[in-house]
K.L.:
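Please see the structure below; I have some questions.
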Amino acid sequence: MSKSILDTILKAERGSRLSLENVPIAELPNFVYHTEAPSNLTRLGVPTVFNSLSDMGKDWRYVNIPFMPTARQRAAVSLALSHCDLLAVYIGGLDAAAHRVGRDGQKLVDPLRRIDRFVQSVFKEAEEVLGKGFGWVVFSDHGIETVSNYVDPMKLRQALWTRDIQPKSVFFDSTMMRVWGLEPTLSSRQLNSVERLGHFISPGEASRFGVDFRTPEFGQQIFLLNPGVVFHPSYVSWLRPKGMHGYSPDVDSQFGVLVSKLGCEIRSDHSHPMSDIKRLVIESVVADA
Ligand SMILES: [Zn+2]
């Protein structure tokens, strides 16, 4: 990180308790970086369903529904809508709205209605351009939980380690502390003292959650916060979020949604492998071919 960026951060945060000391600088070269824009859906680090569709000779369009849709963004959708086999609509604005207001109460209703109207207008236009019965999917990436407890990362560090006995490095996402070089093992007394905040995920959970990466770049151990608890400040946001995702996928509030022209099935278990999702998306096209 350049000195000028560091200076700017420190100046902006003067007087707050944000500190860069926990950024695992030594580990950063081990991280996997992608220079592709996330919107370039066929050139990500791993093949996606969009690669499969392209390989099958199927044409697709991707539309992101923003939090505060502008006329310009709406016009851009119109320009992008041309003949295709699948219209994929991501309701990205839901994430931005729910971070700002949480999931309870009237405050979320207005943004939801705005997003809904935008989706409705896109579908109306898509039907004119693509004809009735076109292939489509609408999806979010996760749900949201209302934040009830902000935790200073330093408090957790102090509860778990002493000044002399520390892990090599730790990194604070909003809902996870990633740890490298954790020695020695923590006592159950130490773990019990923080169980109201969260817990270190077991190898069994890591496998069930799909995060047993077997490579060190995502953290050798992960401390996952309980629903509603958020690290603040963290290294991913300076804002105090009112809603957050990134908790255990067992929690109902974290469920995402995927609706397709084939229908809407509500399932209460969280274990949908990506291959299920890929199949559903492809069937949404092929069913009509
Ligand atoms: Zn988010």
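This is a predicted model, so every value here is computed, not measured. In each ligand, atom 1 is the first atom listed, and ligand 1 is the first ligand listed.
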K.L.:
Among side-chain atoms of Ser52 and Lys278, is any donor-acceptor pair under 3.5 angstrom?
P.N.:
yes

K.L.:
Is it true that the side chains of Ser78 and Arg74 contain a donor and an acceptor less than 3.5 Å apart?
P.N.:
yes

K.L.:
Just by distance, with hydrogens left out, do Asp59 and His83 show a side-chain donor and acceptor under 3.5 Å apart?
P.N.:
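Their side chains do not contain a donor-acceptor pair, so the 3.5 Å distance test is not met.
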
K.L.:
Would you say Asn51 and Ser54 are linked by a side-chain donor-acceptor pair, where the criterion is simply a distance under 3.5 Å?
P.N.:
no

K.L.:
Which residue, Asn192, Leu186, Val194, forms the side-chain contact (heavy atoms from CB on, under 4.5 Å) with Gln190?
P.N.:
Leu186

K.L.:
Any chance you could lay out the side chain to side chain contact (heavy atoms under 4.5 Å, CB included) test for Val259 and Trp136, step after step, and finish with the verdict?
P.N.:
CA-CA 9 Å; Val259 191; Trp136 59 267; 3.9 Å; yes

K.L.:
Tell me the protein N, O or S atoms under 2.8 Å from the Zn ion (ligand 1), in chain and number order.
P.N.:
Asp95 OD1, Asp95 OD2, His99 NE2, His245 NE2

